[in-house]
Amino acid sequence: MTAPRPTTNEPVDPDIDLRSPAQWQEAWRGQGPVVAVVAVGGAIGATARYAASLLWPVENPGFPWTTLLVNVTGCAVIGVFMVLISEVWTAHRLVRPFFGTGVLGGFTTFSTYAVEIERLVNAGEARTALAYLAATLLAALGSVGLAVALTRRVLAWRQR
């Protein structure tokens, strides 16, 4: 089965042979800019997260407040961002991968969340680990939902 090429409506084979220089170049032309902006955005987001960990260090095996705050904040920002680029603005095709996947993906850190849960369990703090697991999940989901709702409400209020 072939899919239409986005710009020319010519059929394109979904299976790309990356050993073929012509097919590799075609794939890179389409995905190269996306990969580049995700990488740059990810570096920015990860740097911001690292800065947060330096500004607000947590004692071992203390409750990982910094990571919780980073993840909840990042989820709230993505809620606002998605409303804005989905319902308000027509964004350039690279904005979403740069900011949503790159910056916010690098800033939020669910891998560190998992490592910190393991660290707490290994330190004999299973209850704290369970509380952290639940608090992060509920707060992150709650913050994105609240951010979406508040953003929509503010936008509706501004249109009156």
Side-chain angles (χ1 to χ4, degrees), residues 1-56 64-118 132-160:
M1 177 179 241
T2 58
R5 192 175 286 182
T7 55
T8 64
N9 288 332
E10 293 176 31
V12 130
D13 186 351
D15 296 322
I16 296 174
D17 182 2
L18 294 179
R19 293 171 295 184
S20 163
Q23 288 185 13
W24 190 91
Q25 286 175 350
E26 181 180 347
W28 182 250
R29 230 178 293 120
Q31 295 301 313
V34 174
V35 171
V37 299
V38 168
V40 170
I44 292 167
T47 301
R49 176 184 29 134
Y50 180 67
S53 73
L54 293 177
L55 287 170
W56 302 291
W65 289 107
T66 304
T67 304
L68 176 68
L69 181 64
V70 162
N71 286 338
V72 170
T73 302
C75 287
V77 172
I78 201 142
V80 172
F81 176 67
M82 290 309 295
V83 169
L84 294 177
I85 68 165
S86 299
E87 300 173 17
V88 179
W89 303 320
T90 303
H92 185 275
R93 74 179 190 96
L94 296 177
V95 169
R96 189 173 182 169
F98 169 74
F99 191 72
T101 305
V103 174
L104 293 175
F107 182 66
T108 57
T109 174
F110 289 96
S111 59
T112 300
Y113 162 66
V115 168
E116 288 173 340
I117 291 169
E118 179 183 27
Y132 176 54
L133 183 135
T136 298
L137 178 64
L138 294 173
L141 289 173
S143 73
V144 75
L146 184 61
V148 165
L150 288 175
T151 303
R152 287 180 175 151
R153 178 169 274 178
V154 167
L155 291 170
W157 174 77
R158 288 190 67 196
Q159 290 178 349
R160 288 187 204 169

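We use all heavy atoms of the structure for the numbers below, so side chains are in, but hydrogens, waters and symmetry mates are not.
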Nearest non-hydrogen partners of V72 and A139, listed with the distance: CG2-CB, 3.4 Å
Heavy-atom side-chain proximity of T108 to F110 below 4.5 angstrom: yes
Rounded to the nearest 0.5 Å, how far does CH2 of W89 lie from CG of L84? 4.0 Å
Nearest atoms (heavy-atom pairs only) where Y132 meets I117: CD2-CG1, 3.6 Å
Spacing of L146 atom CG and R153 atom CZ [to the nearest 0.5 Å]: 10.0 Å
Validation row: F99, V37 side chains within 4.5 angstrom (heavy atoms): no
Nearest non-hydrogen partners of T47 and A43, listed with the distance: OG1-O, 2.7 Å
Test side chain to side chain contact (heavy atoms under 4.5 Å, CB included) on T151 and F81 and set out the steps. CA-CA 9 Å; T151 303; F81 176 67; over 6 Å; no
Give a yes or no answer on whether the side chain of T67 reaches the backbone of P64 with a donor-acceptor pair at less than 3.5 Å. no
Just by distance, do the side chain of T66 and the backbone of W56 share a donor-acceptor pair under 3.5 Å? yes
Minimum heavy-atom distance P97-V34, with the two atoms named: CB-CG1, 4.0 Å
Could you walk me through whether F107 and V77 pass the side chain to side chain contact (heavy atoms under 4.5 Å, CB included) test, one step at a time? CA-CA 11 Å; F107 182 66; V77 172; over 6 Å; no
Are M82 and E87 close enough that some pair of their side-chain heavy atoms sits under 4.5 Å apart? no
Check: V83 main-chain N/O paired with R152 side-chain donor or acceptor under 3.5 Å: no
Nearest 0.5 angstrom please: T136 OG1 to L141 CG, how far? 10.5 Å
Are any non-hydrogen side-chain atoms of T101 and R96 less than 4.5 angstrom apart? no
For the CD1 atom of I78 and the OG1 atom of T73, what is their distance to the nearest 0.5 Å? 13.0 Å
Can you name the closest pair of heavy atoms from A76 and A147 and give their distance? O-CB, 3.2 Å
Side chain to side chain, T109 and Y50, heavy atoms closer than 4.5 Å: no
Is there a side-chain contact between T112 and N71, using heavy atoms and a 4.5 Å cut-off? no
